[in-house]
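Presented below is the structure to which this report refers.
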Amino acid sequence: EKDNGWVRFQIESYNHFIKFGMQSIVEEIDSIQLNPEAGEFKLKFGQVDIGSPHIKEADGSVRSKERSSPVFPNEARIRNLTYAAPVWVTIMPVVNGVQDKPEKVYIGDMPVMIKSSICSTFGMNSEELIERGEDHNDPGGYFIVNGTERAVVLIEEIAPNKPIYEKSKGEIMVRLNSEKSGFRQRHLMERKVDGEIAISFANLRNLSIVTL
């Protein structure tokens with residue numbers, strides 16, 4: 001606990017999401033099929049890129065690390081701003097099976113978790129943090145939205161797509177959280193003493209597996 005900190009798992013989970021999770025979601029979507037009057041046309045999605053925290057000023061200028069003007073969490077707190085980073089996706093138009101020139105498209109902002117790998121404070125020592133007006137003892141693991149610190153409330157969940165078996169008085173129950181593409185559905189399957197197998201999910205209760 002002393003080595004990892006009490007919010008380390010939060011930060012590691014966020015880092016994994018921005019490094020692998022967002023890309024996997026885009027790969028599952030793969031493309032969007034459009035139906036124009038003349039020929040086949042679809043948009044195929046490719047690489048996801050996330051920049052560093054940025055701020056758009058009133059005069060239209062954008063500040064970010066890439067523009068030699070990094071944005072730090074404390075500024076977002078003081079100015080009631082959202083500490084977020086831009087997200088781009090490479091989109092390739094495909095017309096009648098022929099792929100056109102890919103283009104990097106800005107799709108929105110991703111809230112940045114404090115102390116994550118894309119946070120401006122990442123890798124800074126205590127002296128550097130203090131110099132920037134940051135708390136060097138801040139464990140991170142939260143977000144800043146409109147100047148307000150927001151933490152993710154954790155709940156214990158059954159691991160997705162992993163069956164959990166229970167046996168009681170001759171009955172066998174299997175609990176399964178089925179998940180794909182961000183959608184999740186809980187299932188409960190029961191084998192009763194007489195051998196009947198039933199399933200419950202959504203608004204259905206004790207539906208015969210044969211009927212399903």
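- Looking at heavy atoms from C-beta onward, Ile25 lies out of side-chain contact with Glu28 at the 4.5 angstrom threshold.
- Nearest approach of Val87 to Asp109, heavy atoms of both residues: CG2-C, 4.4 Å.
- Leu188 and Ile197 fall into different hydrophobic clusters, where Ile, Leu, Val, Met, Phe, Trp and Tyr side chains are chained together by heavy-atom contacts under 4.5 Å.
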Original post:
Hey, mind stepping through Arg132 and Asn74 against side chain to side chain contact (heavy atoms under 4.5 Å, CB included) and telling me if it holds?
Top reply: CA-CA 8 Å; Arg132 290 289 184 172; Asn74 201 40; over 6 Å; no

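- Using a 4.5 Å heavy-atom threshold, the side chains of Met113 and Phe17 count as separate.
- The two atoms that bring Lys115 and Asp135 nearest to each other are NZ-O, 4.4 Å, heavy atoms only.
- For Ser208 and Glu196, the side-chain atoms include no donor-acceptor pair closer than 3.5 Å.
- For NZ of Lys192, the number of neighbouring non-hydrogen atoms (other residues, nucleotides, ligands) closer than 6.0 Å is greater than 12.
- With Asp100 contributing its side chain and Pro93 its backbone, the two residues share no donor-acceptor pair below 3.5 Å.
- The nearest pair of heavy atoms linking Val112 to Pro53 is CG2-CG, 4.1 Å.
- Looking at Ser200 and Leu207, their side chains never come closer than 4.5 Å, going by heavy atoms from C-beta outward.
- The nearest pair of heavy atoms linking Tyr83 to Ser120 is OH-N, 2.9 Å.
- Across every non-hydrogen atom of Ser116 and Asn15, the tightest pair is CB-OD1, 3.4 Å.
- Other residues, nucleotides and ligands contribute only 12 or fewer heavy atoms inside 6.0 Å of the CD atom of Glu131.
- To the nearest 0.5 Å, the span separating CD1 on Ile55 from CD on Glu75 amounts to 4.0 Å.
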**OP:** Before giving the answer on side chain to side chain contact (heavy atoms under 4.5 Å, CB included), spell out for Phe45 and Ile91 the whole-Å C-alpha distance, their side-chain angles and the decisive distance to 0.1 Å.
**Re:** CA-CA 5 Å; Phe45 301 108; Ile91 299 179; 3.7 Å; yes

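- Using a 4.0 Å cut-off between charged nitrogen and carboxylate oxygen, Glu134 and Arg77 count as a salt-bridge pair.
- Ring geometry, His187 versus Phe201: the interplanar angle falls from 30° to 60°, so the pair is classed tilted.
- For the pair Pro73 and Cys119, the minimum side-chain heavy-atom distance is below 4.5 Å.
- With contacts defined as side-chain heavy-atom distances shorter than 4.5 Å, the pair Leu34/Lys42 does not qualify.
- As a member of the Ile/Leu/Val/Met/Phe/Trp/Tyr network built from side-chain separations under 4.5 Å, Leu129 groups with Phe72, Met124.
- Atom-to-atom distance recorded for Glu149:CD and Tyr142:OH is 4.0 Å, nearest 0.5 angstrom.
- The shortest distance between side-chain heavy atoms of Glu190 and Asn206 falls below 4.5 Å.
- Under the 4.5 Å side-chain contact rule for hydrophobic residues, Ile118 and Ile144 share a cluster.
- The neighbour count for Glu103 CD, taken as heavy atoms of other residues, nucleotides or ligands under 6.0 Å away, does not exceed 12.
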Subject >> Steps toward side chain to side chain contact (heavy atoms under 4.5 Å, CB included) verdict (Glu128, His136) >> reply: CA-CA 9 Å; Glu128 291 170 329; His136 65 285; over 6 Å; no

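- Ser69 meets the side chain to side chain donor-acceptor pair (under 3.5 Å) test with Arg63; sequence neighbours excluded.
- Scanning all heavy atoms of the two residues, the minimum distance from Glu179 to Pro160 falls at OE1-CB, 3.1 Å.
- Taken together through direct or relayed side-chain contacts under 4.5 Å among Ile, Leu, Val, Met, Phe, Trp and Tyr, Val98 and Met92 form parts of separate hydrophobic clusters.
- Between the side chain of Ser13 and the backbone N or O of Gln10 there is no donor-acceptor pair closer than 3.5 Å.
- Judged by distance alone, with hydrogens and angles left aside, the side-chain atoms of Gln23 form a donor-acceptor pair with the main-chain N or O of Val48 at under 3.5 Å.
- The side chain to side chain donor-acceptor pair (under 3.5 Å) search around Ser61 returns Asp59, not counting sequence neighbours.
- Tyr106 and Val26 fall into different hydrophobic clusters, defined by Ile, Leu, Val, Met, Phe, Trp and Tyr side-chain heavy atoms under 4.5 Å apart, directly or through other members.
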**OP:** Start with the C-alpha gap between Tyr14 and Ile18, add the side-chain angles, then the distance that decides, and say whether side chain to side chain contact (heavy atoms under 4.5 Å, CB included) holds.
**Re:** CA-CA 6 Å; Tyr14 179 85; Ile18 61 174; 3.8 Å; yes

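- Looking at heavy atoms from C-beta onward, Asn80 lies out of side-chain contact with Asn146 at the 4.5 angstrom threshold.
- Linking Ile, Leu, Val, Met, Phe, Trp and Tyr residues whenever their side-chain heavy atoms come within less than 4.5 Å places Val174 and Ile209 in a single cluster.
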